[in-house]
Amino acid sequence: MSRDSVLRIENLGHSYGKFKVIEDISLTIGKGEMSALIGPNGAGKTTFYNAISGKFPPTKGKVFLNGEDITGLPSHRVVDKGMCRSFQITNIFTELTVAENVFSPLIIQQNKHFKLYGNVFNDQQITEKAMDTLEQVGLGGRTDQVVANLAYGDKRLVEMAIVLARDPSVVLLDEPTAGMNPEETENMINLIKKLAKNSGTTFFITEHDMKVVFSLAEKIYVLHQGHLLAQGSPEEIRANEQVQEAYLGRKVHA
Amino acid sequence: MKKRVLSILITLAFVLVSVIGAHAASTVKIGFTYIMSGPFSAYGQFAKQGAELAIEEINAAGGINGQQVEGFFEDSTGKADVALRAIRKHVYQNKVDMLIGLDSSGVAKTVVPSIEKMQTPLIITHAATPDVTGSVCNKYTFRISLNLAQNVKAAALLAKETGAKKWTTVGPDYSFGHQSWEYFEKYLQELNPTTTFLPKDQVAFPPFKTTDFSAYITKVMSSKPDGVFISLWGGNLIDFVRQANSMGFFNADFEVLFSLGAATEVLTALGDKMPEGLWVGTRYWFLANDSAMNKHFVDSYFKKYGAYPSYNAHGAYSAVYAYKAAAKKAKSTDKMAIVNALEGLKIEIPTGTIEFRKGDHQAVTDAHWGKTAAAPGYPHRILKPIKIFKGQDVTPAVSETGCSLGAAM
Amino acid sequence: MMTQNNHNLLGPALLTILLLLAPLVIPVYWVMLLSEILIMGLMAVSLNLLLGYTGLLSFGQGAFFGLGAYTAALMLQAGYENLFLILLAGMLVALLAALVVGFFSVRLDEIFFAMITLGFGMMFFSIAHNWLDVTGGSDGLPVFNLPSLNLFGFQLTFYTPINMYYLVFVVVLIAISLLWLIVHSPFGLILKSMRENKQRVSFIGGNVKTLRIAAFAISGAFTGLAGVLFCLFNNMATPEFMHWSFSSKPIIMSIIGGTGVFLGPLFGAGIFFILEQIIIQYTENWMLFLGIILIPIVLFFPQGVFGTLRNKFFKQGSK
Amino acid sequence: MEFLLLNILNGLSWGMLLFLIAIGLTTVFGVMGVLNFAHGSLFMLGAYLCMQSMKYFDSFWFGLLVGPLCVVVIGVLVEKYLLKRVYDRDVSYQLLLTFAILLVLDDGVRMIWGSGYHIVEPPAILNGIISIAGQDYPVYRLFLIIIGPIIGGLLWSFFHFTKWGKIIRAASFDNIMAEGVGINVPLIYTSVFALGTWLAALGGALAAPQQSLIPSMGEKIIIESFIVVVVGGLGSFPGAFAGALLLGLLESFGTVFAGRLQMAIPYILLAVVLLVKPNGLFKKGV
């Protein structure tokens, strides 16, 4: 096991009653790595994400983050340990402004969420950090806008900012480009690339758009009917016959 | 010059006229606080009718001390805080000289301290809790209606006569029901030490909002008592009587006493569904006495409203007359003078002659009980025979009430 | 650059001055009514910390209001006459009860939360209604003495309506200012975030349960404070204060005034009382007319009367 | 033993009445997502209009038939002109609107019929007494115990075997999808509300021979049926049945065993169920 692994998952499984959604998944993600999880609809990607990010505890297996066992911790504790995620359906604070959206994680990070006085806008530590984060995702100029009024792509950027605000060591992105137009998708890809390069953050994404996956990921995991079917570099995956059969089909060659 | 004198004269005349006019137009104001809306608004309506009749009569007869009477009616909704707001409106906005009203015991008990602060006399006409002329009594608060202790004392006297040995109760699950039972136990035990009472967990206290009494009826019947003392009232009583009737409750081998069974709103609603031959009590019964005053009251009430007066109508009607008598005695409508005049005042009201005791401000008044009976010409049951318990026989001694009015003075 | 929403303090300052001077010009009865509006307004603003800011509809606030009132009544009965002690004790008792109720309730949402808080509230009601020896049972507790305040050697009492009004005014002013601070604090922002998306709060590291319990407890404590004032103002504590129908009052007031504006519920309380007074003037069927007026308020003022009007006149074009 | 039996019967007859009110409430919630505070007032109107229509033909059965139908007309108007506008609003607005409707209906009835008590006689055939285990028991209560499951069964069949019933069930699960496949959702909402109204009013008409009529008679039953609906699981048909029977029996036996706690029984049941099963005993699904 490489010493600088950030996320290590051992024999993870989750079942509802007798129905096993995911089973026996083991993988190790190294620090700063950009990896992707792919698989057809119903392969168990979202369940996998939910089980490791604390939405519900997995019924089997272990999750280690930076060497620490985080199995079954509730989501807010997982975040405290350094893993933050986005959702397939944009998950932000709709009626608040862009700035306020990013304040929330920062308040919690600085343990000020039970502070009953003082205005966040006067808190230099928080405002500066928020500004930085927003600049990073390219929303620096729109801090005062209410998020509900933003375009779809920008809303996803807000979620990205929320996820990044707490400097997580691992970022899970669930279909970051879902529902985006080509231009927005392009921007998102570039953004993720840039962030990975600048911050050294570990990204672990799921994506149905193969173009995105192959243009981003250094390592790809293929989930099929709840099992890990294959893993490897994009080239290896492309060449893997099992994967082609099960899932990729002609798409890759197209 | 002349013009100026004239104008001064005219101005003076105006001032004079307006002063006299204002004086002539000034009225005696009475503030009534009753439940005028919601589930129990019927009680407020009765009281209002009684009060308006009295005011009309008094005004036609020249008013109080020569002044016309003006009545203000506010809604208590049966809630203590709202009732207090209504009373404040009377005192501070309507600037009344006198307060009359209050249906609910809880309301009466909790607003009484404020009455003292507002220094305005109040005659309670319905609320029955012994406490307002007992533990929380004060100088400004009087009660003209029969209170719980008086009513229950009469019930105990009656219960003794029946000879029933083992008693239980059905009462609403709030202070009134529980207090009724406690007083009943106490008084009957004194009158007949061999009587037994079912323990607290075996008697029936249905919550106030109960509409289905079958479980309680079953409970009481299966406890096989010799006598049942029932303090339910209003809609609870109506539902209970009908359901009990259909479950054979009244055919069972025990005595039944309804402490508030002879209320006209209950008898009217039940009509011939009220079984005959049950003992029912009331604070006022319109056929209970033949005095000219009662006849006049019942006739003019019936003429005006097409119904027989209920105890609440009687209470409000009598309270207005009591106020008139006090004002006459005091030769003033000054609030303090009225309070002093009311103390010890003896006056005839339709139900008989009463006296506001000095010691606790409770009216010493007769208690009426009777057996339900069908009677031609009446759409509902009437009482036959009627049993009248004299006020001095049923009113507890001041020393028993817990009122320290005399001592504080 | 980031700018905070401009908190225009001109309006509140003006309102404070008006309230301060009001007793000089309006009749005594209206001064008393104003006291009541302020007390119920405090209850509504406290409730709105949950309803408007945290997104929780509590149907059990009456319990905390009643606990405040009973605490005050019982302390006065026992001879404690220190005003601060009574105010603080009432708040504390309500706070503790709210912590317990909150602990069990906050994991539920929406109508389930409303129902479980209603259930807990009614349990308190049942206790108050039946525990004759302590609470006076259904009759409630009458209060005979009021606490006094020793202010630089002056013994200040609150037996006159005007003195009582200023007591209420000062306490409510302080309480509402504190609530204003809380609403605009980091904690307040987290509350709003939870209202918007509690899942997201949990996925940025916020413990939704403890945060909600804290909000519930704070709201309960201030509701308890309002209860203490109500007890002093009316010289009574009765089980009615704990009934669900009493709990529904601040909800109605908040919605009338507007849950999205900090002072909306306070205005809602004012509108509610004044409306009631006006209707009662003309008819005994005030319930009917109250209903008839409430219907268009719900239908045509989606942000409440105060909120909608404010948005119409002051915030045009912000969206 | 007989005592046990009588308490069970008492619990069942009260439970069945609760059940009728609760299924209307839960169906309306299941399909439209609206918790109707005025449901108790529709119950009350059912009782009053039953009484009123009985005056014309002097037959309880006529009142039972016509009274609730008159209430349905009012219900449809309420849905079409008022409720419709708050479907996508927050639950607190729905509660306030239906509360306002409650005020109007309750006070309106008080203006028309007065604030006094009224009673309705059961039909002669049900007015008797029957001997059960040596105790007299009113026939009308047994009638209530029987009529509950019959109506419940009919509704169940309606939802499961008729086209309309199936459409309504589809709409209750996903109204957007229902709209997508060409179902007239507004029409469904109106008819579901009419059905709910009819059930409430029928409950009122059935209760009329049992309890005195006053304008506020819906207030107790609305809170208890809220509790039944939440305990059973919002929108759940079997849940409403189970919840109503559970509450009915608990209240019946509570009079014997709970002492002064009896007043709190419904609320304790509510809290306990919500703590153990936050979504109620049964899953949604009419």
Side-chain angles (χ1 to χ4, degrees), chain A residues 53-55 74-81 84-87 90-123 126-127 130-131 134 140-141 143-149 159 162-163 165-166 168 172, chain C residues 1-7 9 49 52-55 95 107 175 177-215 217-219 221-222 259-261 303 307 311 315 317-319:
Chain A
S53 66
K55 183 140 190 223
S75 45
H76 65 272
R77 301 276 296 126
V78 172
V79 175
D80 285 341
K81 299 283 177 200
C84 233
R85 67 172 287 192
S86 75
F87 290 81
T90 316
N91 216 334
I92 52 179
F93 309 117
T94 320
E95 292 298 326
L96 305 185
T97 65
V98 171
E100 286 170 328
N101 264 270
V102 189
F103 285 162
S104 292
L106 292 171
I107 288 168
I108 293 168
Q109 184 183 34
Q110 301 193 11
N111 230 336
K112 287 175 181 160
H113 48 305
F114 284 108
K115 194 179 160 208
L116 299 179
Y117 58 92
N119 196 313
V120 196
F121 288 92
N122 301 332
D123 187 319
I126 287 179
T127 46
M131 204 58 211
L134 289 173
T143 53
D144 295 338
Q145 270 179 318
V146 174
V147 169
N149 303 339
E159 180 160 25
I162 292 175
V163 170
R166 293 197 55 174
L172 306 177
Chain C
M1 212 22 236
M2 255 172 241
T3 53
Q4 48 181 303
N5 342 348
N6 249 329
H7 301 306
L9 289 178
L49 186 71
Y53 288 91
T54 319
L95 177 89
R107 64 195 181 117
S177 308
L178 288 175
L179 280 164
W180 191 90
L181 270 181
I182 291 172
V183 158
H184 293 91
S185 71
F187 176 69
L189 182 58
I190 299 292
L191 293 189
K192 281 190 264 184
S193 304
M194 281 198 292
R195 172 194 71 202
E196 290 303 312
N197 192 337
K198 80 173 168 138
Q199 188 191 40
R200 184 28 102 192
V201 169
S202 134
F203 278 98
I204 53 173
N207 186 339
V208 171
K209 190 171 174 182
T210 30
L211 285 162
R212 277 184 168 187
I213 292 175
I218 292 170
S219 169
F222 281 101
T259 54
V261 195
Q303 272 100 41
N311 286 357
K315 287 183 110 182
S318 91
K319 282 194 179 178

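First the proteins, then the strands, lettered A, B, ... as listed; each starts at 1. No experiment lies behind these values; they were computed from the predicted model shown.
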Most contacts with chain C, counted as non-hydrogen pairs under 4.5 angstrom, among A:T94, A:V79, A:D80:
A:V79
Measuring from atom CD of A:E95 to atom NZ of C:K192, what distance do you get when rounded to the nearest 0.5 angstrom?
11.5 Å
Can you tell if the side chain of A:K115 reaches within under 4.5 Å of the side chain of C:P186, non-hydrogen atoms only?
yes
For A:K112, the salt bridge (Lys or Arg N to Asp or Glu O under 4.0 Å) test, sequence neighbours excluded, returns A:D123
Residue C:I218 versus chain A: region with a heavy atom under 4.5 Å:
side chain
Any A:H76 side-chain heavy atom under 4.5 Å of C:V208 side chain
no
Which residue out of C:L211, C:I182, C:N207, C:L181 racks up the most heavy-atom pairs below 4.5 Å with chain A?
C:N207
Sole residue of A:L96, A:V147, A:N101 in side-chain contact (heavy atoms from CB on, under 4.5 Å) with C:E196
A:L96
So, using ring pair (Phe, Tyr, Trp, His ring centres under 6.0 Å) as the criterion, who are the partners of A:F87 when residues are at least two apart?
C:F203
Best-contacting candidate, A:R77, A:H113, A:K81, against chain C by heavy atom pairs under 4.5 angstrom:
A:H113
For C:L189 and A:I107: C-alpha separation, side-chain torsions, deciding distance, then whether side chain to side chain contact (heavy atoms under 4.5 Å, CB included) applies.
CA-CA 9 Å; C:L189 182 58; A:I107 288 168; 3.7 Å; yes
Proximity breakdown for A:V163 and chain C, heavy-atom pairs closer than 4.5 Å:
side chain
Honestly, the part of A:R85 sitting under 4.5 Å from a heavy atom of chain C is both
Quick one: does any side-chain atom of C:R200 pair with a main-chain N or O of A:I92 as donor and acceptor, under 3.5 Å?
no
What part of C:V183 is in contact with chain A, defined as an atom under 4.5 angstrom from a non-hydrogen atom: side chain, backbone, both or neither?
neither
Working to the nearest 0.5 angstrom, can you tell me the gap between A:F93 CZ and C:S193 OG?
4.5 Å
Interatomic distance, CZ@A:F114 vs CD1@C:I190, rounded to 0.5 Å, equals 9.5 Å
Between A:E159, A:Q145, A:Q110, A:Q109, the one whose heavy-atom pairs under 4.5 Å with chain C are most numerous
A:E159
